[in-house]
Participant: 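Once you've had a glance at the structure underneath, I'll fire off some questions.
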Amino acid sequence: MERIYLTTPLYYVNAEPHLGSAYTMIITDTLARYYRARGWETFYLTGTDEHGDKIAQAAAQAGMDPKVFTDEISTTFRAVWDSCGFTYDHFIRTTDEYHVRSVQQLLDKIHEAGDIYFDRYAGLYCFGCERFYTEKELAGGKCPDHLTEPTWLEEENYFFRMGKYQEPLLHHIEAHPDFIRPEGFKNEVVAMLREPIGDLCISRPKSRLTWGIEIPFDKRYVTYVWFDALINYVSALKYKAEEAFQKFWPEAQHFIGKDILKPHGVFWPTMLMAAGLPLYKHLNVHGFWTVEGQKMSKSLGNVISPLVMKEKIGMDAFRYFVLRESVFGQDADFREENLTARYNADLANNLGNLVSRVLAMEQKYFAGVVQPLSTAWAKEDLELKNRFRQAEEELKGHMAELQFHRALEAIWAAIDHTNRYVVQTAPFSLYKDAGKRGRVGEILHHLLEAVRTIGRLISPFLPETAEELEALLNIPRPTAKQPSSWGQFFVPGHKVRPPKVLFPRIETAPDG
């Protein structure tokens with residue numbers, strides 16, 4: 001059996017879910033649904049990152065104990081993801097006892113191997129990023145993410161011999177050119193590895209920070225938040241079972257935003273090498289979402305909430321927009337006018353109207369009862385069937401390459417063809433001729449096959465809509481997932497249900 005292990009980054013619990021984190025969830029949920037439908041054994045992991053300076057500061061500002069604070073925010077994340085219908089298999093928290101044990105065990109292992117040492121360090125530290133920066137990494141003397149000047153910090157800490165694994169990692173990437181995708185991000189990591197990367201400070205003194213996982217061999221220190229959080233990808237599988245780790249880890253597909261490329265592309269694989277563990281299969285990196293060309297921010301009041309979008313247009317429509325409007329690996333921009341245009345044209349008109357027309361004609365002409373097919377199909381019937389076969393083949397390739405927008409283009413090209421088939425065959429005109437009503441029954445039978453196939457193809461992308469189509473076609477759930485041969489699924493006499501509006505049009509104000 002083929003397998004896939006899908007992971008999101010752990011979301012930091014100092015802010016509530018928004019478009020940026022929802023995008024990663026939509027991508028991974030779509031892939032999980034797609035591969036499950038193909039019969040792959042799938043494990044899909046998400047969770048929350050709960051240690052470090054920022055969490056301690058946020059909890060203090062809220063006047064709460066850090067654990068109580070993280071319990072509350074982590075619960076919010078899980079509730080939002082559940083309300084969005086994301087089908088993750090496990091939700092990990094870095095405060096979970098099994099994860100704490102895994103981190104300490106891995107620290108002990110790397111320490112005993114001689115790859116962790118104690119030293120004094122002085123450098124520029126960004127509290128927002130919770131990491132030290134070199135002068136070269138700064139932009140005009142400021143942290144490139146937070147646009148603040150880092151603090152000069154001198155401390156005694158534990159260090160991981162990351163530089164020892166620089167060359168082995170570079171060789172691995174050169175031998176596996178798709179290790180990091182898309183290629184532009186691989187090139188970024190290669191450029192980092194062409195320069196000395198040094199060693200990684202992996203502890204924080206308790207005199208400055210107590211909210212973290214205690215270093216097992218020195219109780220005066222807690223673990224650096226990144227060294228802690230990255231291990232979740234392994235600890236979650238090992239918690240499930242050692243057998244799960246052996247089965248799924250070779251198929252690990254990490255999905256992250258481009259702002260955390262270095263920890264995932266450099267820190268994490270060198271940590272795995274030091275621990276004697278195999279590397280993940282792929283690191284898949286997506287771009288940022290802006291809103292009307294601006295970065296999302298609470299101060300600007302432009303943060304896009306997935307639950308607000310669900311309430312406004314439905315979760316499926318939101319999923320469709322972010323997958324269709326973006327190119328994986330590139331930045332994308334959220335604009336209300338683009339959302340409305342996509343919704344009305346693609347969902348309300350192309351898909352929604354097609355389904356309504358087909359079911360309305362079936363009800364009007366045959367009381368919802370499916371008519372038999374003749375053994376001799378017309379040319380346009382074969383073309384319709386082949387157009388969906390082509391869409392399914394194209395879909396496989398696009399999903400393997402993470403080209404979600406192209407996958408949806410392929411499906412919608414088949415939907416467009418179906419709409420043209422309705423115009424070309426004109427069942428509404430043929431029915432006026434009593435001698436041609438048998439042909440009308442055949443045309444509608446083919447159209448019902450098209451709607452059934454559309455439901456199967458869109459199910460990873462628009463799962464609620466796919467279920468609606470199954471209900472309208474009166475198909476039992478397990479049966480709906482079977483890719484039965486075209487023309488052999490509906491038994492003559494099967495009764496479909498009356499149409500309903502799947503996507504009510506969004507009315508826009510007239511120009512001027």
Side-chain angles (χ1 to χ4, degrees), residues 49 51-57 94 99-138 141-146 148-170 189 191-232 234 260-277:
D49 182 2
H51 291 127
D53 283 313
K54 285 187 286 189
I55 303 304
Q57 291 166 7
T94 54
H99 175 72
V100 172
R101 287 195 302 271
S102 289
V103 171
Q104 291 178 329
Q105 287 166 4
L106 194 128
L107 280 165
D108 271 333
K109 186 173 184 179
I110 297 176
H111 183 243
E112 288 166 6
D115 282 338
I116 293 176
Y117 63 93
F118 192 68
D119 200 2
R120 185 168 189 81
Y121 184 81
L124 295 164
Y125 187 79
C126 174
F127 283 90
C129 295
E130 303 197 40
R131 59 165 284 209
F132 287 99
Y133 275 92
T134 63
E135 291 278 3
K136 187 177 180 179
E137 291 176 310
L138 299 176
K142 294 183 178 181
C143 164
D145 289 334
H146 295 91
T148 56
E149 292 185 2
T151 303
W152 183 262
L153 207 59
E154 295 186 35
E155 285 182 341
E156 288 184 316
N157 270 308
Y158 284 93
F159 292 80
F160 163 53
R161 296 187 194 278
M162 188 166 67
K164 175 180 173 181
Y165 297 96
Q166 179 170 349
E167 284 301 316
L169 176 56
L170 186 56
V189 172
M192 294 177 201
L193 296 173
R194 298 285 187 203
E195 303 286 336
I197 60 171
D199 292 339
L200 181 65
C201 179
I202 62 163
S203 68
R204 300 291 182 264
K206 283 187 178 177
S207 59
R208 179 163 66 80
L209 175 68
T210 58
W211 183 240
I213 296 176
E214 192 175 81
I215 297 283
F217 42 82
D218 193 335
K219 299 186 183 301
R220 298 174 301 161
Y221 291 86
V222 295
T223 309
Y224 170 44
V225 66
W226 270 115
F227 203 92
D228 155 11
L230 289 163
I231 296 168
N232 91 91
V234 168
I260 51 176
L261 175 62
K262 186 173 183 179
H264 284 81
V266 178
F267 299 177
W268 182 222
T270 56
M271 288 164 60
L272 288 166
M273 288 176 171
L277 295 172

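These values consider heavy atoms only, across backbone and side chains, with no hydrogens, waters or symmetry-generated copies. Because the structure is a prediction, the values reported are computed rather than measured. Numbers here simply count residues along the sequence, with the first being 1.
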Participant: Counting N and O atoms only, with roles assigned by atom type, does the side chain of Arg220 sit under 3.5 Å from a partner on the main chain of Lys206, one being a donor and the other an acceptor?
Facilitator: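 Not confirmed, Arg220 side chain does not pair with Lys206 backbone.
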Participant: With rounding to the nearest 0.5 Å, note down the distance linking CD1 in Ile202 to CZ in Phe159.
Facilitator: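 Between atom CD1 of Ile202 and atom CZ of Phe159 there are 9.5 Å.
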Participant: Within a radius of less than 6.0 Å around CD of Glu135, do more than 12 heavy atoms belonging to other residues, nucleotides or ligands occur?
Facilitator: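 At most 12 heavy atoms, drawn from other residues, nucleotides or ligands, come within 6.0 Å of this atom.
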Participant: Tabulate below the donor-acceptor pairs under 3.5 Å that side-chain atoms of residues 224-231 make, not counting sequence neighbours, or state none.
Facilitator:
{"unit_1": "Tyr224", "atom_1": "OH", "unit_2": "Glu130", "atom_2": "O", "d": "3.3"}
{"unit_1": "Asp228", "atom_1": "OD1", "unit_2": "His99", "atom_2": "NE2", "d": "2.7"}
{"unit_1": "Asp228", "atom_1": "OD2", "unit_2": "His51", "atom_2": "ND1", "d": "2.7"}

Participant: For residues 102-112, which side-chain N or O atoms pair as donor and acceptor with protein atoms under 3.5 Å away, sequence neighbours left out?
Facilitator:
{"unit_1": "Ser102", "atom_1": "OG", "unit_2": "Tyr98", "atom_2": "O", "d": "3.1"}
{"unit_1": "Gln104", "atom_1": "NE2", "unit_2": "Glu214", "atom_2": "O", "d": "2.9"}
{"unit_1": "Lys109", "atom_1": "NZ", "unit_2": "Ala275", "atom_2": "O", "d": "3.0"}

Participant: Using distance only, find each side-chain donor-acceptor pair of residues 118-125 under 3.5 Å and give its atom names and separation, not counting sequence neighbours.
Facilitator:
{"unit_1": "Tyr125", "atom_1": "OH", "unit_2": "Asp53", "atom_2": "OD2", "d": "3.1"}
{"unit_1": "Tyr125", "atom_1": "OH", "unit_2": "Arg204", "atom_2": "NE", "d": "3.1"}

Participant: Return the set of residues passing salt bridge (Lys or Arg N to Asp or Glu O under 4.0 Å) with Glu137 (not counting sequence neighbours), or none when no residue passes.
Facilitator: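 Once residues adjacent in sequence are excluded, the partners of Glu137 under the salt bridge (Lys or Arg N to Asp or Glu O under 4.0 Å) criterion are Arg131, Lys262.
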Participant: In Å, rounded to the nearest 0.5 Å, how long is the span from OG of Ser203 to CD1 of Ile213?
Facilitator: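 Answer for the OG-CD1 pair, Ser203 versus Ile213, is 13.5 Å.
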Participant: What's the spacing between Tyr158 OH and Glu156 CD if we round to 0.5 Å?
Facilitator: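 These two atoms lie 9.5 Å from each other.
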Participant: Can you tell me how far OG1 of Thr270 sits from CG of Leu169, rounded to the nearest 0.5 angstrom?
Facilitator: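 Taking CG in Leu169 and OG1 in Thr270, the distance rounds to 7.0 Å.
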Participant: Taking only residues two or more places apart in sequence or in another chain, which ones pass salt bridge (Lys or Arg N to Asp or Glu O under 4.0 Å) with Asp115?
Facilitator: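 With neighbours one apart ignored, the set is Lys164.
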Participant: Hey, are the side chains of Pro144 and Tyr133 touching, using non-hydrogen atoms and a 4.5 Å cut-off?
Facilitator: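 Result yes, sub-4.5 Å side-chain heavy-atom pair found.
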Participant: Taking salt bridge (Lys or Arg N to Asp or Glu O under 4.0 Å) as the test, write out the residues that go with Glu155, two or more places apart.
Facilitator: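 Once residues adjacent in sequence are excluded, the partners of Glu155 under the salt bridge (Lys or Arg N to Asp or Glu O under 4.0 Å) criterion are Arg208.
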Participant: Hey, is CD on Glu149 packed in by over 12 heavy atoms from elsewhere, all under 6.0 Å?
Facilitator: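 Not more than 12 within 6.0 Å, no.
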Participant: With a 4.5 Å limit on heavy-atom distance, are the side chains of Pro150 and Leu138 in contact?
Facilitator: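 Counting from C-beta outward, Pro150 and Leu138 do come under 4.5 Å.
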